[in-house]
Amino acid sequence: MSLTPHPSLPRLAKPWCSTFLLLIATSGTLAAAELEVSEARLRLLPGDLPAAGYFTLINTSEKGVTLTGADSPAFGNVMMHRSVNQDGVTRMEPVAQLELAAGEQVEFAPGGYHLMLMKRARPLVVGDDVEVNLHFAGNQRQRVTFRAVAPTAQ
């Protein structure tokens with residue numbers, strides 16, 4: 001995407017167009033800048049089995065945010081899930097969205113919330129960095145680098 005105004009615009013209109021284009025290009029990341037992500041790791045399983053994404057998300061802003069999903073160029077499908085134990089049986093259930101109040105944090109960890117990353121687009125090995133885009137309400141996104149870890153890692 002080019003952020004250069006068209007050459008035929010009047011000279012006085014070019015600065016305004018540049019500012020407008022810059023605002024459009026960065027508007028999807030402004031709110032995400034007030035979110036901190038730490039300990040982002042991707043637990044790889046053998047073959048084409050789904051990987052699990054774990055991380056801690058902290059809302060450092062003064063307003064609530066809603067995590068609505070994720071995607072990754074390294075995987076064809078990424079879903080948010082939560083493990084729940086009901087009557088001694090643990091199962092995964094999809095999570096459509098997750099709200100974080102101002103100052104709140106949530107941990108995506110084994111046995112709780114996690115990302116399920118399916119349909120690998122390329123081979124991955126332990127130690128690889130994998131880009132994941134977290135999606136938030138209001139068309140906000142935050143790119144996070146996850147480190148691929150062994151299946152036994154927590």
Atom [atom1] of [X] and atom [atom2] of [Y]: how far apart are they, to the nearest 0.5 Å?
X	Y	atom1	atom2	result
Thr145	Leu42	OG1	CG	11.5 Å
Thr66	His135	OG1	NE2	14.5 Å
Thr90	Asn85	OG1	CG	4.0 Å

Checklist entry - What residues, two or more places apart in sequence or in another chain, satisfy side-chain contact (heavy atoms from CB on, under 4.5 Å) together with Ala150? => result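 Once residues adjacent in sequence are excluded, the partners of Ala150 under the side-chain contact (heavy atoms from CB on, under 4.5 Å) criterion are Val126, Thr152.
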
Next on the checklist: Holding to side-chain contact (heavy atoms from CB on, under 4.5 Å), I want the full list of residues that pass it with Ala148, two or more places apart in sequence or in another chain.
Outcome noted: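 In terms of side-chain contact (heavy atoms from CB on, under 4.5 Å), with neighbours along the sequence ignored, Ala148 is linked to Leu44, Asp128.
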
Is [Y] reachable from [X] through a run of hydrophobic residues whose side-chain heavy atoms are each under 4.5 Å from the next?
X	Y	value
Met92	Met118	yes
Leu124	Val149	no
Ile58	Leu134	no

Item to check | side chain to side chain donor-acceptor pair (under 3.5 Å) contacts in which one or both residues fall within residues 39-56, not counting sequence neighbours | outcome: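 Non-adjacent pairs meeting side chain to side chain donor-acceptor pair (under 3.5 Å): Arg43-Tyr54.
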
Next on the checklist: Restricting to non-hydrogen atoms, name the atom on Pro73 and the atom on Ala121 that form the minimum distance, rounded to 0.1 Å.
Outcome noted: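 In this case the closest contact between Pro73 and Ala121 is O-CB, 3.6 Å.
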
Item to check | Minimum heavy-atom distance Ala70-Val132, with the two atoms named | outcome: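 For Ala70 and Val132, the tightest heavy-atom pair comes out as CB-CG1, 4.1 Å.
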
Next on the checklist: Test your reading of the model: is there a side-chain donor-acceptor pair from Arg120 to the backbone of Pro50, 3.5 Å cut-off?
Outcome noted: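 No; judged by distance alone, with no hydrogens or angles, the pair does not exist.
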
In the structure I gave you, are the side-chain heavy atoms of [X] and [Y] within less than 4.5 Å of one another anywhere?
X	Y	result
Ser72	Val130	yes
Thr60	Leu35	no
Gln142	Phe136	yes

Would you mind writing out the side-chain donor-acceptor pairs for residues 74-82 within the sub-3.5 Å range, not counting sequence neighbours?
from	atom 1	to	atom 2	distance (Å)
Arg82	NE	Glu93	OE2	3.4
Arg82	NH2	Glu93	OE2	2.6

Item to check | Residues that, via side-chain heavy atoms closer than 4.5 angstrom, fall in one hydrophobic cluster with Leu49 | outcome: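 Joined to Leu49, directly or through intermediates: Leu45.
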
Distance-only check: which donor-acceptor pairs under 3.5 Å involve side-chain atoms of residues 95-117, not counting sequence neighbours?
from	atom 1	to	atom 2	distance (Å)
Glu104	OE1	Ala101	N	2.7
His114	ND1	Gly112	O	2.9

Next on the checklist: Apply side-chain contact (heavy atoms from CB on, under 4.5 Å) to residues Glu36 and Leu57 and explain how you reach the verdict.
Outcome noted: CA-CA 6 Å; Glu36 292 179 15; Leu57 178 63; over 6 Å; no

